[in-house]
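In what follows, a single structure is set out as structure tokens and then discussed.
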Amino acid sequence: MLIRILSLVYLSLDVSAFAIPPLPYLHSFLGASNAQRQQQPLQDTLDAWIQKEERIALDKLLANVAPGGRNVEGEGVAAGTVHTSNPSGTFEDLSGLGEPKFGVDGKPFTGSWGRPQRDGPALRALTLMHYLREYNASNPLLWSAIEATDFYEPFYHASMPPKSVIKADLEYVSHYWNESGFDLWEEVEGLHFFTLMVSARSLREGTDLARSFGDYGAAAWYEEQAGYIEHILTRFWNANKGHLVETLWSKRTGLDCGLLLGSLHAVPSEVSQDEAIYPPWSDEILVSLLALTRDQHERFPINSSPSEDRDDDLEKFAFEGTGIGRYPEDVYDGYGTSNRGGNPWFLCTSSAAEILYRTATHISASNLTITSLGLPFYESLLATSSLDVEPGTFGPSDALYHSVMERLKTTGDGFLEVVKTHVDAEGSMSEQFDRVTGYMRGARDLTWSYGAFLGAVRARKEVKGL
């Protein structure tokens, strides 16, 4: 969980925002009575609210990840935990890199937990590789400078057994990706879409990094393993269900916010030449988002009263902004298990918006291609339009192209309107908002809530600039 939080920071920040903020007050979890405090309706337009909320979200995100971990002598918490023996194993054989839970002092949590979680090393590697790219861009002379070795060696060095943090993480991912672990929600053991998506992405980027440091044998190994993972990922499409599944061979439906998050976190960097696997604009992700939204729209009273005669024809469902939870079978309500089920989550709702904004940006750079696989999504997106939606390729001279582009933007805004409705008057976002009352529940000021919102806002800016 710590590594996932840190990865959100670099995904959410602009290049110039690397300053470390003061040590924050460490908030506790809200009690049930506090969670029901009155939330004032926000009267701002969406644009005006986003302008304010973006600053609030960034400030709160940075406060959450301020270096309380510097209590680990000589290292920040991210680096300190890498070398710390824990219930998942040790650094010597790399097994300890799969440990998901540490205290802010860098000490491992030794109680019962869903471990190991194999997404952590991949996310940390992606975060640090992103940092190196940005640092190199702002310090172009460092690579050939005398002090280059001292700067880069803690990040990546070809020596084995690995001592540098990125090298260790890539070795872990490349050797452990095909072993079962717990999912991003720390609940289910198996092989997971989110974990494998970020694992493949980390190895693709790691291949380029290893070559940059002359580690050619490792580069070939990482590239080979990434190819194997990408082949396995094709098994996550379930043709009978008509959507992707988060965990192979699970008893659950497989619909899961982790599908959206896996797609978003595994988009290749801007400098990469790699072909994206299940990117946000892919048919598989879009129809999976449609199926999840339909389920959550019917499931949560805060979204809509369930129809007495539920029609399972997705073509007749008008796709619109909806409060999205983690997965249909969720029973965690922010404080414990509940017979009535889970709630919508801020991070999932914002991620749905980002999927749509990124799809619009992608289409604007090429053409709109509607296949038979993606047809249900586009039919639902334009359910209130008089236009006929059919497979084909459409460009800026076609009315269907413009209608789809407009609906992607407005529906993305619809998801952010849901977020806007349920934050409190100070702009705080908790973990969840109640399925019936709409009041915030669960962990206060959840870092991922802010990170997902900032990711959606950045994607929205790209669309607004078209």
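The shown structure was predicted, so the numbers you read here are calculated from the model rather than taken from an experiment. We number each residue from 1, following the sequence as shown.
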Could you check whether R252 makes a cation-pi contact with Y327, meaning its NZ or CZ is under 6.0 Å from the centre of the six-membered ring and within 45° of the ring axis?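 Output yes; distance and angle both within limits.
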
Sequence-distant partners of E92, salt bridge (Lys or Arg N to Asp or Glu O under 4.0 Å), two or more places apart: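 E92: no salt bridge (Lys or Arg N to Asp or Glu O under 4.0 Å) contacts found.
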
Tell me, yes or no, whether the heavy-atom count around Q51 atom CD, taken from other residues, nucleotides or ligands under 6.0 Å, exceeds 12.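 12 or below, so no.
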
Provide the closest heavy-atom pair for E230 versus A200 in the form atom of the first, atom of the second, distance.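 Closest heavy-atom pair between E230 and A200: CG-CB, 4.1 Å.
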
Would you please classify the geometry between the H265 ring and the W448 ring as parallel, tilted or perpendicular, with 30° and 60° separating the classes? perpendicular

Any side-chain heavy-atom pair of [X] and [Y] under 4.5 Å:
X    : Y    : value
S428 : Y450 : yes
I56  : E426 : no
D256 : L292 : no
F319 : L286 : no
E329 : E187 : no

Worked verdict on R340 versus D434 for salt bridge (charged side-chain N to carboxylate O under 4.0 Å, His left out): CA-CA 11 Å; R340 68 174 189 166; D434 192 275; 2.4 Å; yes

One thing to verify: whether E205 and R133 come together as a salt bridge, which I'm taking to mean a side-chain N less than 4.0 angstrom from a carboxylate O.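 Looking at R133 and E205, the cut-off is met.
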
Pairs involving residues 231-249, ordered by first then second residue, that meet side-chain hydrogen bond (donor to acceptor under 3.5 Å, both in side chains) (sequence neighbours left out): H192-T247

Any side-chain hydrogen bond (donor to acceptor under 3.5 Å, both in side chains) pairs touching residues 284-293, not counting sequence neighbours?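 Found none.
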
Determine, using ring centers only, whether F346 and F453 are less than 6.0 Å apart. no

With a 6.0 Å cut-off on the ring centroids, do Y278 and F236 count as close?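 Y278 vs F236: aromatic centres not under 6.0 Å.
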
